[in-house]
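Data block below; observations after.
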Amino acid sequence: MSRPLLVIALCLGIWSDGAAAASPPPAVVASIGPVHSLVAAVMAGVGSPALLLKGGGSPHTATLRPSDAAALQNADVVFWIGSEMETFLVKPLRALPARARVVALAEAPGVTLLASRQGGVWDEDHHDADHGDADHGAHDMHIWLDPHNAMAMTDAIAATLSEADPDRAATYADNAAELRQRLQALDTDLRTRLAPYAGKPYIVFHDAYHYFEARYNLSPAGAITISPDRAPGARTLAAIRDRIEASDAVCVFREPQFEPGLVATVAAGTPARVAILDPLGVDLAPGPEAYFTLMRRLAGSLHDCLDG
């Protein structure tokens with residue numbers, strides 16, 4: 001081969017290698033804020049996942065905007081909790097191209113599932129019994145509210161991304177290892193902070209906090225509604241008012257994306273204070289820190305109300 005041709009061949013080889021190294025990362029979509037935060041942390045330095053449910057939308061009743069539908073159709077990997085949580089995604093996910101990897105994190109190895117509890121009054125036995133019904137699945141799907149589940153989700157996210165993008169597998173593994181360490185430290189911090197409130201009863205708006213309560217030995221006394229999208233009946237509200245008084249519930253917690261008047265009505269005339277718990281972090285900026293802010297804010301809300 002002549003020298004000019006050799007130079008051209010070497011240049012073409014260098015350009016080809018550079019182009020391969022610069023191949024784009026997979027297009028990744030996450031369903032809700034907490035999932036998006038964990039995926040974003042694992043993808044740090046590689047790319048940013050798209051978030052479907054933004055702001056105060058409900059994962060049960062949301063609808064996809066055209067831009068979100070387009071992102072979903074173009075996705076290589078989709079992470080969600082599962083069909084019992086993000087019901088608005090069930091049909092769109094069925095219509096995805098065969099190439100897309102869809103990962104239900106509730107099915108990830110190592111994730112612990114807890115039974116659903118009905119709305120209304122809970123007794124001690126109710127906390128661990130399976131009382132799912134037709135409107136509420138057999139399991140509580142708010143799995144991210146236990147950092148141990150978040151660690152298992154992190155492992156599943158990293159494994160999936162490594163399979164979809166093997167050239168960057170080392171980065172995903174390193175990011176996942178760092179994230180697991182941070183989640184372990186968060187768990188330790190929350191356990192210490194919440195230990196003084198193990199015996200203080202309170203009422204939640206809907207049963208979204210089973211994992212958080214079980215992990216940190218908290219003492220919820222009941223929920224106003226099974227589903228935040230359905231108003232409870234008069235009998236349930238009367239039972240909750242009786243429970244507030246009988247259990248000396250310190251607080252009744254509402255959620256920011258739902259009408260506060262119902263909670264105010266239930267708590268009126270009782271000693272219970274009204275405060276806010278938010279299981280989704282509806283007002284948080286998306287990104288790797290959102291999960292940690294969400295969990296610390298939950299602990300702070302409980303601390304501030306139960307400590308009074």
#### Entry: Y216 and D146: side chain donor to acceptor below 3.5 Å
no

### Query
For the residue pair P92 and L72, what are the closest heavy atoms and their distance?
CB-CD2, 3.7 Å

### Query
Does the pair L161 and R168 meet the rule for a side-chain contact (heavy atoms from CB on, under 4.5 Å), with working shown?
CA-CA 8 Å; L161 292 174; R168 298 178 177 90; over 6 Å; no

### Check ion pair R182-E289 (N to O, under 4.0 angstrom)
yes

### Task
Take R296 and D189, measure what side-chain contact (heavy atoms from CB on, under 4.5 Å) needs, and give me the verdict at the end.
CA-CA 9 Å; R296 290 195 173 100; D189 178 57; 3.9 Å; yes

### Message
Whether the side chain of H36 engages the backbone of P49 through a donor-acceptor N/O pair (distance < 3.5 Å, no angle test) should be reported.
### Response
yes

### Query
Can you tell me how far the OG1 atom of T270 sits from the CG atom of D248, to the nearest 0.5 Å?
10.5 Å

### Task
Indicate, with yes or no, if L38 and V282 share a hydrophobic cluster defined by side-chain heavy-atom contacts under 4.5 Å among Ile, Leu, Val, Met, Phe, Trp and Tyr.
yes

### Query
Taking it one step at a time, do N149 and W144 satisfy side-chain contact (heavy atoms from CB on, under 4.5 Å)?
CA-CA 6 Å; N149 277 348; W144 63 89; over 6 Å; no

### Task
Would you indicate whether the side-chain heavy atoms of L183 and F292 approach each other to under 4.5 Å?
yes

### Message
Does any part of the side chain of E163, heavy atoms only, come nearer than 4.5 Å to the side chain of Y172, both counted from C-beta?
### Response
no

#### Entry: Side-chain heavy-atom pair I224, H206 within 4.5 angstrom cut-off
no

### Message
Looking at every non-hydrogen atom in both residues, tell me the closest pair between P288 and S37 and how far apart they are.
### Response
O-OG, 3.1 Å

### Query
Would a hydrophobic clustering, with Ile, Leu, Val, Met, Phe, Trp and Tyr connected at side-chain separations under 4.5 Å, put V78 with L51?
no

### Summary
When rounded to the nearest 0.5 Å, the distance separating CG of L53 from CE of M85 is 10.5 Å

### Task
Kindly give the heavy-atom pair with the smallest separation between V35 and I81, and that separation in Å.
CG2-CD1, 3.5 Å

### Message
What I'd like to find out is whether the side chain of L105 reaches to under 4.5 Å of the side chain of W80, using heavy atoms alone.
### Response
no

### Message
For a quick test of reading the model, state the closest non-hydrogen atom pair linking P109 to A152 and the distance between them.
### Response
O-CB, 3.5 Å

#### Entry: V252 side chain near Y202 side chain, heavy-atom distance below 4.5 Å
no

### Query
With distance as the sole test, does H210 use its side chain to make a donor-acceptor pair with the main-chain N or O of A115 at under 3.5 Å?
yes

### Query
Are L306 and I276 linked, directly or through other ILVMFWY residues, by side chains that come within less than 4.5 angstrom of each other?
no

#### Entry: Interatomic distance, L277 atom CG to L145 atom CG [nearest 0.5 angstrom]
10.0 Å

### Query
At what distance, to the nearest 0.5 angstrom, does CG of D278 lie from OG of S301?
8.5 Å

#### Entry: R297 and D283 ion-paired at < 4.0 Å
yes

### Query
So, the side chain of T87 versus the backbone of S83: is there a donor-acceptor pair under 3.5 Å, distance only?
no

### Message
Grouping I, L, V, M, F, W and Y whenever their side-chain heavy atoms are under 4.5 Å apart, do M151 and M153 come out in a common cluster?
### Response
yes

### Query
Are the aromatic ring centres of H142 and Y209 under 6.0 angstrom apart?
no

### Query
Is there a donor-acceptor pair closer than 3.5 Å between any side-chain N or O of Y211 and the backbone N or O of D140?
yes

#### Entry: Enclosure of Q73 CD (heavy-atom neighbours >12, cutoff 6.0 Å)
yes

#### Entry: Heavy-atom side-chain contact between L64 and L89 under 4.5 Å
yes

### Query
L113 versus E107: any side-chain heavy-atom pair under 4.5 Å?
no

### Message
Within the structure provided, determine whether M295 and L186 are in side-chain contact (heavy-atom separation under 4.5 Å).
### Response
yes

### Message
Quick check for you: to the nearest 0.5 Å, what is the distance between L280 atom CG and E255 atom CD?
### Response
8.0 Å

### Query
Taking atom CD of E245 as the centre, does the number of heavy atoms from other residues, nucleotides or ligands within less than 6.0 Å exceed 12?
yes

### Query
What's the shortest heavy-atom distance between A156 and A108, and which atoms?
CB-CB, 3.6 Å

### Message
I'd like to know if D155 and R180 make a salt bridge, using a cut-off of under 4.0 Å between side-chain N and carboxylate O.
### Response
yes

### Task
Answer yes or no: is there a donor N or O on one side and an acceptor on the other, between the side chain of R241 and the main chain of A268, under 3.5 Å?
yes

### Query
Is a side-chain donor-acceptor pair under 3.5 Å present for E84 with H139?
no

#### Entry: Salt-bridge contact R101-D76 (side-chain N to carboxylate O under 4.0 Å)
no

### Query
Any idea which heavy atoms bring S48 and M43 closest together, and the distance?
N-CE, 4.3 Å

### Residue pair F253, C305: steps toward the side-chain contact (heavy atoms from CB on, under 4.5 Å) verdict
CA-CA 9 Å; F253 289 100; C305 194; 3.9 Å; yes

### Task
State plainly whether one hydrophobic cluster holds both L294 and F212, where clusters connect Ile, Leu, Val, Met, Phe, Trp and Tyr through side-chain heavy atoms under 4.5 angstrom apart.
yes

#### Entry: Approximate separation, where rounding is to 0.5 Å, of D174 CG and L179 CG
12.5 Å

### Query
Going by atom types alone, do D307 and Y197 pair a side-chain donor with an acceptor below 3.5 Å?
yes

